[in-house]
Amino acid sequence: MQKISKKGLVSALSITLGLLLIFYFGWRSDQNQIKDARTQTVESTASLLSELIEETVNENLLLLANHKSRVEFTNGQYFENFEFETNLLLNVKPAFTFFEWIDQDGVIQLIEPYEGNREAVGLNILELDYRRDDWMEMKKDSSINMTPWSDLVQSGSAFLIDAPIYYNNEFKGSLTVGMDFTDDFDDIMAGRDMFSVEIRDENDRVFYEYSKNSSPGDEQFKSTQKLNFISGSSNKWSLTLSLDEDYFSSGILSSGQISLFFRMLIALLFGSAIYFMIAAYRANKQNIESLKEKEVLISEIHHRVKNNLAVISSLIDLQRLETNDEYVIDILQKTQNRIHSIAGVHELLYNSDDLSSIPFRQYLSNLINRHLDVYVEDKKNIDVKIDSSVETLSINQALPLGVLFSELVTNSFKHAFKDKNEGEILLKVRSDEEYVHVQYSDNGPGFKKEDFEKGKGLGITIIKALIGQLHADYELASEHGFNLKFSFKRNS
């Protein structure tokens, strides 16, 4: 039996211990960098969320201010159509839960929706401790006031926003709105499952929480931001953002443990290799005949260490992969076009007094101009003609029609004029009392009807799905280019 070399064992253990210490402190440095990166991520995300939440709340406050101006402009005639006027917002803005008209004596005269809130009609809010001071301050300062998160007489909870009304040089009470921002905040948090959020009002009452897991957020990675709004009252909300402990413990944190394990394994393997190399060298001096066997052993040890290092290198490379694939870039561009098609509707809707429809001709012109900026090359002359007599269109029809035009124009530029320097696209939209008639055509090589109807590509699938969403009947001709016609019933 080969006697264990104490000198070789001591040398191997010393080297192994040295490597263990080096790798361990290197791992600790990496963990500190990860910690700093997470802290920075939490801070920047908290700052971004604060801006988005402030923007969302202020947008709703501005919409209320707009309705207040309409009341004053009409000298109170607004209240004669109270149900219609208020439902313009109630039907499209989830944050608005109800409208109230509180007269100059503090008595609730009108409320919409009436069902579920009838208990509040005739209520004198000056008799309510939680309402009296805020409402009187609003009357004194003549500015929009927002209460803390409050429990309502008619059940439920909401923020109450009072907008003072003056016309004929007299105070006429307030246009008051109950707001609950839960749905808006959930939209903001969509896709941010790695975070937990808690928002408190100025009374330190929690009114919004977001977390995909039951465990509390990591106290080590937490940021608290103050939120400020354009209301006249001194609302001081606080947003607390933390990393979700379950999210990281199930995946990301375990990668640090794996990294430490492999570093320790390398040190042990390398130390073992050193020991066996020393043992092999000593054995070589004692027995020349075993030289070849020892060389094979050392070679095998080197091979194993190299394979382990290669595995670790592959694990690291997996986290640094980036793509320059033109196909992926093209897919992203098409997706961006679809997003811009949808965003265009909401941009015009936000700037429009009529929240149920948009100026369709303007929307269509903006949409096509963006595609021209993206696809038209300097040497190509592509003439896009827009012939639309439809002034306005409901959002439920303008949105799918806009995305549909985006897909068609993209296909024309990508396929119909791929090898042509000149071309023509026609977008024609006509409307009668009941139907909207649409024609889209280009003078490219055309597209077979059976290929269109049986096609399973993403673009064709989206086009047919959008036509179906509009409940339209279509006709396709391709004798002289691509020519698609369809009609759908116009929303009243």
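Bear in mind that the values here come from a model prediction, so they are computed numbers and not experimental data.
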Applying the side-chain contact (heavy atoms from CB on, under 4.5 Å) criterion to V429, which one of D387, V390, L393 satisfies it? V390
Side-chain contact, heavy-atom cut-off 4.5 Å: W135 with L160? no
According to ring pair (Phe, Tyr, Trp, His ring centres under 6.0 Å), who are the partners of Y440, at least two apart in sequence or on a separate chain? none
Spatial distance of atom OG (S174) from atom NZ (K172) [nearest 0.5 Å]: 14.0 Å
Heavy-atom pair with the smallest gap, counting every atom of D184 and A95: OD2-CB, 3.4 Å
Regarding K485 and the six-membered ring of Y474, is the cationic atom NZ or CZ under 6.0 Å from the ring centre and inside 45° of its axis? no
Residue set satisfying salt bridge (Lys or Arg N to Asp or Glu O under 4.0 Å) with R200, at least two apart, ordered chain then number -> E198, D204
Treating D103 as the side-chain partner and V107 as the backbone partner, does any N or O pair qualify as donor plus acceptor under 3.5 Å? yes
Please confirm whether the backbone N or O of T45 pairs with a side-chain atom of S47, one donor and one acceptor, at under 3.5 Å? no
Can you tell me how far CG of L466 sits from CG of L404, rounded to the nearest 0.5 angstrom? 5.5 Å
Going by heavy atoms in the side chains, are I102 and R131 under 4.5 Å from each other? yes
Quick one: closest heavy-atom pair of L90 and F96, and the distance? CD2-O, 3.4 Å
Reported OG-to-CZ distance for the pair S365 and F360, which is rounded to 0.5 angstrom: 11.0 Å
Measuring from atom CD of Q77 to atom CD of E85, what distance do you get when rounded to the nearest 0.5 angstrom? 11.0 Å
Using the rule given for side-chain contact (heavy atoms from CB on, under 4.5 Å), can you reason through L408 versus I463, listing the C-alpha separation, both sets of side-chain angles and the distance that settles it, and then say yes or no? CA-CA 8 Å; L408 292 170; I463 291 172; 3.7 Å; yes
Would R38 and L243 count as a side-chain contact (heavy atoms from CB on, under 4.5 Å) here? Give the steps. CA-CA 8 Å; R38 289 176 185 160; L243 287 177; 3.9 Å; yes
Would you mind reporting whether I161 and M179 have side-chain heavy atoms less than 4.5 Å apart? yes
Between E72 and I165, the two heavy atoms sitting closest are OE2-CA, 3.6 Å
Which heavy-atom pair separates N443 from G423 by the least distance, and what is that distance? OD1-CA, 3.5 Å
Near Q104 CD, under 6.0 Å, is it more than 12 heavy atoms from other residues, nucleotides or ligands? yes
Please report the interatomic distance CD(E54) to CG(L239), rounded to the nearest 0.5 Å. 9.5 Å
Atom CG in L88, atom NE2 in H67: separation rounded to 0.5 Å? 6.0 Å
Could you tell me if the side chain of D162 sits less than 4.5 Å from the side chain of I144, heavy atoms only? no
Taking A37's backbone N and O only, do any of them form a donor-acceptor pair with T41's side chain (distance below 3.5 Å, no angle check)? yes
When you compare the side chain of N60 with that of K93, does any pair of heavy atoms fall below 4.5 Å? yes
Which of parallel (below 30°), tilted (30 to 60°) and perpendicular (above 60°) describes F82 and F99? perpendicular
Partner residues of P164 under the side chain to side chain contact (heavy atoms under 4.5 Å, CB included) criterion, sequence neighbours left out: K68, M138, Y166, F171
If you count heavy atoms of other groups shown closer than 6.0 angstrom to CD of Q109, is the number above 12? yes
Please confirm whether F159 and F207 have ring centers closer than 6.0 angstrom. yes
Should L61 and V57 count as side-chain neighbours, where that means a heavy-atom distance under 4.5 Å? yes
Would you name the heavy atoms of L470 and F488 that are closest together and state the gap between them? O-CB, 3.2 Å
Please tell me whether S412 and D442 have a donor and an acceptor in their side chains that are separated by less than 3.5 angstrom. yes
My understanding is that only residues two or more places apart in sequence, or in another chain, count here; which of them pass side chain to side chain donor-acceptor pair (under 3.5 Å) with T240? T224
Kindly indicate, with the supporting measurements, whether the criterion side-chain contact (heavy atoms from CB on, under 4.5 Å) is fulfilled by L89 and L63. CA-CA 8 Å; L89 282 181; L63 288 173; 3.9 Å; yes
Do the non-hydrogen side-chain atoms of V197 and I199 ever get within less than 4.5 Å of each other? yes
Would you kindly say whether K236 and N228 are connected by a side-chain donor-acceptor distance under 3.5 Å? yes
For D473, I'd like to know if atom CG has over 12 heavy atoms of other residues, nucleotides or ligands within 6.0 Å. no
For side-chain contact (heavy atoms from CB on, under 4.5 Å), just list the numbers for N483 and L476, CA-CA rounded to whole Å, side-chain angles, deciding distance to a tenth of an Å, and then say yes or no. CA-CA 6 Å; N483 192 331; L476 178 64; 5.9 Å; no
If you define the side chain from C-beta out and look only at heavy atoms, does anything of W101 sit under 4.5 Å from T176? no
Under 3.5 Å donor-acceptor, D201 side chain and W149 backbone: yes
Do T182 and D180 pass the side-chain hydrogen bond (donor to acceptor under 3.5 Å, both in side chains) test, and can you show the C-alpha distance, the side-chain angles, and the key distance before you say yes or no? CA-CA 6 Å; T182 300; D180 183 350; 2.7 Å; yes
Tell me if a side-chain donor or acceptor on E100 pairs with a main-chain N or O of V121 at a distance below 3.5 Å. no
If you take all heavy atoms of F229 and I53, which pair is closest and at what distance? CE2-O, 4.3 Å
Is the number of heavy atoms from other residues, nucleotides or ligands within 6.0 Å of CD (E119) greater than 12? yes
Using a strict 4.0 Å threshold on nitrogen-to-oxygen distance, state whether R490 and E434 make a salt bridge. no
Y208: partners by ring pair (Phe, Tyr, Trp, His ring centres under 6.0 Å), with sequence neighbours left out: F185
Go through the structure and list residues passing side chain to side chain donor-acceptor pair (under 3.5 Å) with D432, not counting sequence neighbours. H437
